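For reference, the structure is listed below as structure tokens.
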Amino acid sequence: MHSLLPFLYLFSTWTKGTWAVDPTMPFMEYLDDDHMVCLMWGFDNPKGNITFKLEVNTTGWVGFGFTPYGGMKGADMVIGGVGPKGSYFTDRHALGKFMPLVDDQQSYTLLSMNEKDGQTILTFRRSIQSCDDEDFPITAQPIKLIYAYGLTDEIKYHGGNRGTKEVNLLEYMPRMPSTNLNYLSALMDNITLPDDHTYYYCKYMKLNLTTKHHIYMIEPVIEQIDIVHHMLLYRCPSFVTEENDRPCYMGDMGDTCFGVVAAWAVGGGVFELPENVGLPIGGADSDLIYRLEIHYNNPRKEAGRTDSSGMRLHYTAQLRQYDAGIMTTGLSPLSSLIYKIPPKAPEFHTYGVCNTTLFSEILNPMPELQVFAVLLHTHLAGRKIRVSHYRNGTQTGFLALDEHYDFGLQQTVNLGHITTIKQGDEIAVECTYNTADRTNVTFMGLGSTEEMCLAFLYYYPAISITTCISHPNTSMSEDSTTSDQETIDEQESLMKNLPQIQKAYDDAFKYSVNANGTVREMMKTPVTCENSNVASASCKMTPAGIILLLLYNAIM
């Protein structure tokens, strides 16, 4: 159950600060790190209208919308502003990196537009379930928001005044701000990078907190933004005792460090946990070694570059209600697997499964796990990721979905709701790849031109299990190098129906194995669309509606 504190905090702030501007829109996110673009929104119900208020620090034109891929292609957006001849506002859609086209049907209704104190402030609404083919569907899943703005009212190329942020609009999980400035630094020490396309480097260190604290925010520190692909901070088993730094995956004991404490991937930003949970650190674990792993992707093979990237772990001594954990699920990423994704495949599906009955050999009983956030991860061929949940052999729904996966926009996303995992439940991670432009097979492995299929699940209360992954028993498969569609389909079916070797590990590197796991059928992604007249209904929320909405988000 969520704490009521977010609701009480929001209620108290209606009378002050940014959120007091319009109590009908109780949710707020800055879309950029410099707080130049502020979005507020509210709605009566998931099948009605949604109202947005956008405040941007410019007196020029402003653009805002939704995008499947994180960029202009396929974006549904509005552009508006206050010009010399008055206000202007249009509903548009983008086909690529050029001027968005005006929609035939104007599905967005402008409610107000003004300039004040160097800001452009526009309020508008649309139907949540608009069925206009040129509008982007808003669902109860995280959605990529896109913004851009100009310094004048001449609508032209925005330069660097643009950005993307993924937010769950309908199941938003508000967080309380903190003035606590204490943080631990886990950073590389000016290492020199070789001219390798793919390079993994690890630093082993102690974090030296003698009493237990909670990490509540993870902040990436990226020095070489064009080559730092992803970063993971692992907790090591107690038998790893040496502090040093060296290339990763060299076959030493450091390769047993798999308890994820913090994660970041390209395109991600600061991630703050909900106010009732924190990642535990220090105390009885104060002598543990942590491994910072950074994957450097250097396609130009530049030599001699140095890097000191890493993470800041913001922590507090005021312990929160629950210890949080991060569990790695999906398909085993080990490059030693004989798992080939054929070339010339417009769609190829892979699966990794986790059956929590494995946990009983390591941990018994298992508490009910409450999943609240996820980081989805594939490499360059990835196009979709779906994480499904099964109970008693039947799929109950999806833990997470990204039908338009963007390699350059891999963010840890608060799901906005809680999914309960009970002992015996199963989790399956499905990745869809496109290798239509490749002439050779693609292997599972560490390089960006190889592939992964992983979902890092954020949950509470924390347990000792760190990893629950699988891979098909490829020793039972036949080798094939052809790439016709029939062979592609046969290869996909084979990989799905082979017995799955499932493994679960705990933080002491104890593990349990089931060599006869199965991949269950996965339901189609739910699509909800109802035709409606977007201008026919008012989106003004009553005070009672606001309170009910906030209570729903607070206690579900």
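Just so it is clear, the values below take in all heavy atoms, side chains as well, and ignore hydrogens, waters and symmetry mates. Numbering of residues begins at 1 and proceeds along the displayed sequence. If you're wondering where the values come from, they're calculated on a predicted model, not measured in any experiment.
No hydrogens or angles considered: a donor-acceptor pair under 3.5 Å links the side chains of H314 and E219. No hydrogens or angles considered: nothing links the side chains of D91 and Q106 as a donor-acceptor pair under 3.5 Å. Residues T356 and E426 have side chains that never bring a donor and an acceptor to within less than 3.5 angstrom of each other. Between the side chains of T357 and N355, at least one donor-acceptor pair of N or O atoms lies under 3.5 Å. Side-chain atoms of T328 and T467 form no donor-acceptor pair, as typed in the model, at a separation below 3.5 Å. When only modelled atom types and interatomic distance are considered, D103 and H93 share a side-chain donor-acceptor pair under 3.5 Å.
Under the 3.5 Å distance criterion, the side-chain polar atoms of R320 are left unmatched by any main-chain donor or acceptor of N276. With hydrogens and angles disregarded, no donor-acceptor distance shorter than 3.5 Å links the side chain of Q119 to the backbone of I121. Remark: the backbone N or O of H349 is paired with a side-chain donor or acceptor of E492 at under 3.5 angstrom. Distance alone, capped at 3.5 Å, places no donor-acceptor pair between the Q410 side chain and the L375 backbone. Looking at S87, its side chain never comes within 3.5 Å of a backbone N or O of V82 through a donor-acceptor pair.
Proximity of F271 to N414: side-chain heavy atoms (C-beta onward) are separated by under 4.5 Å at one or more points. Within the 4.5 Å cutoff, the side chain of F66 has heavy atoms near those of the L169 side chain. By the 4.5 Å heavy-atom criterion applied to side chains, D425 and Q423 are not counted as neighbours. Contact annotation: the side chain of T164 approaches that of R162 to within less than 4.5 Å [non-hydrogen atoms, C-beta and beyond]. The closest side-chain heavy-atom distance from V387 to L376 is below 4.5 Å. Using a 4.5 Å heavy-atom cutoff, the side chains of L145 and L39 are in contact. Side chains of L399 and S388 form no contact here, defined as non-hydrogen atoms less than 4.5 Å apart. Contact check for Q370 versus Y459: no side-chain heavy atoms found under the 4.5 Å cut-off.
E451 meets the side-chain hydrogen bond (donor to acceptor under 3.5 Å, both in side chains) test with no other residue; sequence neighbours excluded. For Y88, the side chain to side chain contact (heavy atoms under 4.5 Å, CB included) partners two or more places apart in sequence, or in a different chain, are W61, D153, I155. Listed by chain and number, the residues in a side chain to side chain contact (heavy atoms under 4.5 Å, CB included) with D323 are K212, H214, P280, A462 (sequence neighbours excluded). Remark: Y69 pairs with H404 by the side chain to side chain contact (heavy atoms under 4.5 Å, CB included) rule, at least two apart or across chains.
Ring centroids of F124 and F89 are separated by less than 6.0 Å, placing the two rings close together.
Looking at every heavy atom in both residues, M28 comes nearest to C38 through CG-SG, 3.6 Å. Residues G352 and S470 approach most closely at CA-OG, 3.5 Å, considering heavy atoms. When all heavy atoms of V429 and C453 are compared, the closest pair comes out as CG1-SG, 3.8 Å. The two atoms that bring L273 and A324 nearest to each other are CD2-CB, 4.0 Å, heavy atoms only. Nearest approach of A94 to M72, heavy atoms of both residues: CB-O, 3.1 Å. The two atoms that bring T120 and M113 nearest to each other are CG2-SD, 4.2 Å, heavy atoms only.
For the side chain to side chain contact (heavy atoms under 4.5 Å, CB included) test with E430, the passing option among R386, K496, K384 is R386; the others fail.
Rounding to the nearest 0.5 angstrom, the gap separating the OG atom in S107 from the CZ atom in R126 is 7.0 Å. Taking CG from N297 and OG from S448, the interatomic distance works out to 3.5 Å, rounded to the nearest 0.5 Å. Expressed to the nearest 0.5 Å, how far NZ of K73 lies from CG of D406 amounts to 11.5 Å. The structure places OG1 of T139 at 8.0 Å from CG of L401, a figure rounded to the nearest 0.5 Å. For the atom pair OG1 (T67) and CD1 (I143), the distance works out to 9.0 Å, reported to the nearest 0.5 Å. Between the OG1 atom of T412 and the CD1 atom of I326 there is a distance of 7.5 Å, given to the nearest 0.5 Å.
Contacts classified as disulfide bond (SG atoms under 2.5 Å apart) and involving residues 371-417 (residues at least two apart or in different chains) are not found. Note on residues 365-374: pairs passing salt bridge (charged side-chain N to carboxylate O under 4.0 Å, His left out), not counting sequence neighbours, are E368-K422.
Y405 does not carry R383 over the face of its six-membered ring by the limits of under 6.0 Å from the centre and within 45° of the normal.
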CA sep, side-chain torsions, deciding dist, call: I215, V261, side-chain contact (heavy atoms from CB on, under 4.5 Å): CA-CA 9 Å; I215 298 168; V261 177; 4.0 Å; yes
Take F407 and H229, measure what side-chain contact (heavy atoms from CB on, under 4.5 Å) needs, and give me the verdict at the end. CA-CA 10 Å; F407 176 80; H229 171 263; 3.1 Å; yes
CA sep, side-chain torsions, deciding dist, call: H389, R391, side-chain contact (heavy atoms from CB on, under 4.5 Å): CA-CA 7 Å; H389 175 218; R391 181 167 296 158; 3.7 Å; yes
For the pair F52 and W41, evaluate ring pair (Phe, Tyr, Trp, His ring centres under 6.0 Å) and give the outcome as yes or no after the intermediate values. CA-CA 4 Å; F52 298 99; W41 73 97; 7.3 Å; no
Report the C-alpha separation of R92 and L101 in whole Å, then their side-chain angles, then the decisive distance to 0.1 Å, and conclude whether the side-chain contact (heavy atoms from CB on, under 4.5 Å) test is met. CA-CA 5 Å; R92 298 174 179 243; L101 305 176; 6.0 Å; no
Hey, mind stepping through F64 and Y147 against ring pair (Phe, Tyr, Trp, His ring centres under 6.0 Å) and telling me if it holds? CA-CA 4 Å; F64 166 81; Y147 71 87; 8.7 Å; no
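Between H379 and H377, the ring planes are perpendicular. Angles over 60° get that label, and only those under 30° would be called parallel.
Residue E403 places its CD atom among more than 12 non-hydrogen atoms of other residues, nucleotides or ligands, all under 6.0 Å distant.
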